[in-house]
Engineer: 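Before anything else, here's the structure in question.
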Amino acid sequence: MFGFATEQLEKKGNKFTAAEIFQQPKLWEETINIIENRKTEIQAFLQDKLIDKKARVIFTGAGTSAYVGDTAAPYVSRLIPNRVESIATTDLVSSPLDYLNPDVPTVLVSFARSGNSPESVGAFDLAQQLVKEIWHIVITCNPDGELAKKAEACENGLVLYMPEASNDQGFAMTSSFSCMYITALLIFDLDNLDASKAKLRPVIEQAKGILNEQYPSVQELVRLGKGRVVYLGSSVLKGLAKETALKNLELTSGIIPTLSESVLGFRHGPKSIVNDDTLVFVFLSNDPYTRKYERDLLKELKGDEGRHVVVAVTYGKDEALTGESDRVLTVAEDGDFDLPDSFIALDYLLYGQLYAMFSSMKLGIHPDNPRPDGTVNRVVKGVTLYPFEHRSKSR
């Protein structure tokens, strides 16, 4: 796997992370089947909330789970007329009335690998306490988690369990992110499930090619030895940039600083991070209008003085990119430029996960446990949840 024998990976502390990255195409198929098998139940749960109640939809989670919502929300907002937002549990718990409106019917969609993070449980309880009409969809990889048990026990909850193997045992969330993300794409467009499956089919096939054949191109980027990495994308791909930046930060134990930003936002100060020791990933949109802005930035970065390296990530072959960037990662030479960014994000995700894993190994860090001192944990510890008393005083 990835040019290493299983025994080699285990010695390098990479027993779980490598396998959990590699298993994703298979788990994506399983996730689609899970949603297909529960299609009628999900539709019945959502029907009156989204149509009759016109409920607000909040995607929530902490860390990577929050970035599931950040990546999915722009796409889902196009599918339904409801107000769709992504708000992290870490914001909801500390300042609930800044984000939860008691008088607005709300569907809280909670993403959770373990379902045991204190903020995940806290956000669920606060929504129950404060919002008069609240419904919960819990999308989780762990049937034994506290969040799943809470949702199963309440009349206004629906729990969707991801494939068993998506409950990643490695430190960083990989297959858990992608399976929960696919679920978010599908459940709000169940009338068009067959069309969505048709869009995912080539994405899954190309993912196999990235994992089996393209990983050496990612290893070459790691061998450049750049000491800081930037991830840029627009809209959906901005959410993806957050997640891939976090993966590299986590798996290198913070030794390699990362930054994520929107393509247009990068010029407004964050570009200051670029020096000779910087690698910049630009995730290119399939939308021709959005892509114009992204290519302008590519050209600008390529023309700037210095030894920084600019990597364009694209779904289909675009020969002009070879002159507009230093390196090009192409998902598929004959990739379909009509595929929405929300779907190609899954393939782009793999490049980010692989880069983070190979960077960790190059530094001699164990990807399965990059922070053995316990100061950062797989499931967050040390958070005290305090009772919330409603006060009307404005802030």
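Positions are given from 1, in the same order as the sequence printed here. What's counted below: heavy atoms across the whole structure, side chains too, no hydrogens, waters or symmetry copies.
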Engineer: Side chains of N248 and T258: any donor to acceptor distance under 3.5 Å?
Structural biologist: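 The answer is no; no qualifying pair exists.
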Engineer: Could you state whether L246 and V236 fall into the same hydrophobic cluster, counting links through intermediate Ile, Leu, Val, Met, Phe, Trp or Tyr residues with side-chain heavy atoms under 4.5 angstrom apart?
Structural biologist: yes
Engineer: Rounded to the nearest 0.5 Å, what separation is found between the NZ atom of K197 and the CG atom of N33?
Structural biologist: 7.5 Å
Engineer: Would you mind listing every ring pair (Phe, Tyr, Trp, His ring centres under 6.0 Å) that reaches into residues 212-248, with sequence neighbours excluded?
Structural biologist: F2-Y215, Y231-F281
Engineer: Mind running side chain to side chain contact (heavy atoms under 4.5 Å, CB included) on N142 and N116 for me, showing each step along the way?
Structural biologist: CA-CA 9 Å; N142 181 19; N116 290 321; 3.8 Å; yes
Engineer: May I ask you to check whether over 12 heavy atoms, not counting those of R307, lie within 6.0 Å of atom CZ?
Structural biologist: no
Engineer: Please report the shortest heavy-atom distance between A312 and L298, naming the atom on each side.
Structural biologist: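 Here A312 and L298 meet closest at CB-CD1, 4.0 Å.
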Engineer: Excluding sequence neighbours, so at least two apart, what forms salt bridge (Lys or Arg N to Asp or Glu O under 4.0 Å) with R38?
Structural biologist: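 R38 satisfies salt bridge (Lys or Arg N to Asp or Glu O under 4.0 Å) with E41 once adjacent residues are dropped.
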Engineer: Is Y315 close to V203 at the side-chain level, that is, under 4.5 Å between some pair of heavy atoms?
Structural biologist: yes
Engineer: Please name all residues satisfying ring pair (Phe, Tyr, Trp, His ring centres under 6.0 Å) with F124, sequence neighbours left out, ordered by chain then number.
Structural biologist: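 Residues passing ring pair (Phe, Tyr, Trp, His ring centres under 6.0 Å) with F124: H136.
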Engineer: Is K317 salt-bridged to E333, cutoff N-O under 4.0 Å?
Structural biologist: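 Here K317 pairs with E333 in a salt bridge, since their nearest N and O are under 4.0 Å apart.
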Engineer: Please examine the side chains of N167 and M162, heavy atoms only from C-beta on, and report whether any two atoms are closer than 4.5 Å.
Structural biologist: no
Engineer: Return the set of residues passing side-chain hydrogen bond (donor to acceptor under 3.5 Å, both in side chains) with D277 (not counting sequence neighbours), or none when no residue passes.
Structural biologist: none
Engineer: To the nearest 0.5 Å, what is the distance between CE on M180 and OG on S110?
Structural biologist: 10.5 Å
Engineer: Verify the cluster assignment for F188 and L190: are they in a single hydrophobic cluster under the rule of side-chain heavy atoms below 4.5 Å apart?
Structural biologist: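 Yes.
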Engineer: Kindly list each side-chain donor-acceptor pair under 3.5 angstrom involving residues 5-15, sequence neighbours excluded, with atom names and distances?
Structural biologist:
{"from": "Q8", "atom 1": "OE1", "to": "A5", "atom 2": "N", "distance (Å)": "2.8"}
{"from": "N14", "atom 1": "OD1", "to": "A18", "atom 2": "N", "distance (Å)": "3.0"}

Engineer: So how far is it from E319 CD to T322 OG1, rounded to the nearest 0.5 Å?
Structural biologist: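 E319 atom CD to T322 atom OG1 measures 7.0 Å (nearest 0.5 Å).
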Engineer: Checking D48 now: which residues fulfil side chain to side chain contact (heavy atoms under 4.5 Å, CB included) with it, not counting sequence neighbours?
Structural biologist: D52
Engineer: Flag yes if Y293 and L297 sit in one hydrophobic cluster, no otherwise; membership is Ile, Leu, Val, Met, Phe, Trp, Tyr, and two members link when side-chain heavy atoms are under 4.5 Å apart.
Structural biologist: no
Engineer: I'd like to check the salt bridge (Lys or Arg N to Asp or Glu O under 4.0 Å) partners of D318; sequence neighbours left out, ordered by chain and number.
Structural biologist: R291, R295
Engineer: Could you measure the distance from the CG atom of L160 to the CD1 atom of I187? Nearest 0.5 Å is fine.
Structural biologist: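 Answer rounded to 0.5 Å: 6.0 Å.
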Engineer: Checking F266 now: which residues fulfil ring pair (Phe, Tyr, Trp, His ring centres under 6.0 Å) with it, not counting sequence neighbours?
Structural biologist: none
Engineer: Could I get the full list of side chain to side chain contact (heavy atoms under 4.5 Å, CB included) partners for E164, not counting sequence neighbours?
Structural biologist: none
Engineer: Got a salt bridge between K150 and D125, using NZ or NE/NH1/NH2 to carboxylate O under 4.0 Å?
Structural biologist: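 Between D125 and K150 there is a salt bridge, with a charged N closer than 4.0 Å to a carboxylate O.
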Engineer: Report the residues that fulfil side chain to side chain contact (heavy atoms under 4.5 Å, CB included) with Y351, sequence neighbours left out, ordered by chain and then residue number.
Structural biologist: I210, Q214, V218, V313, L329, V331
Engineer: Should the pair E30-K26 be classified as a salt bridge under the 4.0 Å nitrogen-to-oxygen rule?
Structural biologist: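 Yes.
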Engineer: Salt-bridge test for K302 and D304: reply yes if a basic N is under 4.0 Å from a carboxylate O, no otherwise.
Structural biologist: no
Engineer: Within the 4.5 Å heavy-atom criterion, are L259 and P270 side-chain neighbours or not?
Structural biologist: yes
Engineer: Does the side chain of D168 come under 3.5 Å of the side chain of S175 through a donor N or O and an acceptor N or O?
Structural biologist: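 Looking only at side-chain atoms, S175 and D168 do form a donor-acceptor pair, the distance falling under 3.5 Å.
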Engineer: Specify the closest pair of heavy atoms between G122 and V93, including all atoms of both residues, with the distance to one decimal.
Structural biologist: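 Answer, listing the atom of G122 first, then V93: C-CG2, 3.9 Å.
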Engineer: Please tell me whether Q43 and D191 have a donor and an acceptor in their side chains that are separated by less than 3.5 angstrom.
Structural biologist: yes
Engineer: Are Q24 and L27 side-chain neighbours, meaning at least one heavy-atom pair lies under 4.5 Å?
Structural biologist: no
Engineer: T244 side chain to G352 main-chain N or O, any donor-acceptor pair under 3.5 Å?
Structural biologist: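 Looks like no, no N/O pair under 3.5 Å.
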Engineer: Do V328 and V310 share a hydrophobic cluster (ILVMFWY, side-chain heavy atoms under 4.5 Å, transitive)?
Structural biologist: yes
Engineer: Does atom NZ of K271 have more than 12 heavy-atom neighbours from other groups under 6.0 Å away?
Structural biologist: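 Count over threshold, so yes.
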Engineer: For S94 and T90, indicate whether the former's side chain and the latter's backbone hold a donor-acceptor pair under 3.5 Å.
Structural biologist: yes
Engineer: Any heavy-atom pair between the side chains of L279 and V230 that's under 4.5 Å?
Structural biologist: no
Engineer: Please report the closest heavy-atom contact between A172 and L251, naming both atoms and the distance.
Structural biologist: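 In this case the closest contact between A172 and L251 is CB-CD2, 3.8 Å.
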Engineer: Out of curiosity, L237 CG to S285 OG, how far, rounded to the nearest 0.5 Å?
Structural biologist: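 OG of S285 is found 6.0 Å from CG of L237.
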Engineer: When the aromatic ring centroids of F343 and Y75 are compared, is their separation below 6.0 Å?
Structural biologist: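 Between F343 and Y75, the centre distance is under 6.0 Å.
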Engineer: Is any NZ, NE, NH1 or NH2 atom of the basic residue among E213 and K208 found under 4.0 Å from an Asp or Glu carboxylate oxygen of the other?
Structural biologist: no
Engineer: Suppose we screen for side chain to side chain contact (heavy atoms under 4.5 Å, CB included). Which residues come up paired with A207, at least two apart in sequence or across chains?
Structural biologist: P25, W28, D347, L350
Engineer: For residues E294 and S234, is any side-chain donor paired with an opposing acceptor at under 3.5 Å?
Structural biologist: yes
Engineer: Would you say T252 and K247 make side-chain contact, with heavy atoms under 4.5 Å?
Structural biologist: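 No; the side chains remain at least 4.5 Å from each other.
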Engineer: Quick check against the 3.5 Å criterion: does T330 have a side-chain atom that pairs as donor or acceptor with the backbone of A332?
Structural biologist: no
Engineer: Would you please indicate yes or no on a ring centroid separation below 6.0 angstrom for F111 and F59?
Structural biologist: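 Yes, they do, as the ring centres are separated by less than 6.0 Å.
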Engineer: E20 side chain to Q169 main-chain N or O, any donor-acceptor pair under 3.5 Å?
Structural biologist: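 Side chain of E20 to backbone of Q169, a donor-acceptor pair under 3.5 Å: yes, one is there.
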Engineer: Centre of F45's six-membered ring, under 6.0 Å away, within 45 degrees of the axis: is that where NZ or CZ of K49 sits?
Structural biologist: yes
Engineer: Applying side chain to side chain donor-acceptor pair (under 3.5 Å) to N156 and Q128, what does each step give before you reach the verdict?
Structural biologist: CA-CA 10 Å; N156 55 332; Q128 284 283 91; 2.8 Å; yes
Engineer: If we only count heavy atoms from C-beta on, is the T140 to S120 side-chain gap below 4.5 Å?
Structural biologist: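 They are not in contact (no side-chain heavy atoms under 4.5 Å apart), so the answer is no.
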Engineer: Working note: I256 + L363, criterion side chain to side chain contact (heavy atoms under 4.5 Å, CB included); need CA distance, chi angles, decisive distance, verdict.
Structural biologist: CA-CA 10 Å; I256 298 181; L363 292 169; 4.0 Å; yes
Engineer: Heavy-atom distance under 4.5 Å between the side chains of R327 and E220, does that happen here?
Structural biologist: yes
Engineer: For R56, enumerate each residue passing the salt bridge (Lys or Arg N to Asp or Glu O under 4.0 Å) test, keeping only those at least two apart in sequence or located in another chain.
Structural biologist: E85
Engineer: Please tell me whether I137 and W135 are part of a single hydrophobic cluster in this structure, the criterion being side-chain heavy atoms less than 4.5 Å apart.
Structural biologist: yes
Engineer: Drop me the distance from T71's OG1 to K238's NZ, to the nearest 0.5 angstrom.
Structural biologist: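 T71 OG1 to K238 NZ: 11.0 Å, rounded to 0.5 Å.
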Engineer: Going by side chain to side chain contact (heavy atoms under 4.5 Å, CB included), L100 matches just one of I58, I134, I87. Which one?
Structural biologist: I58
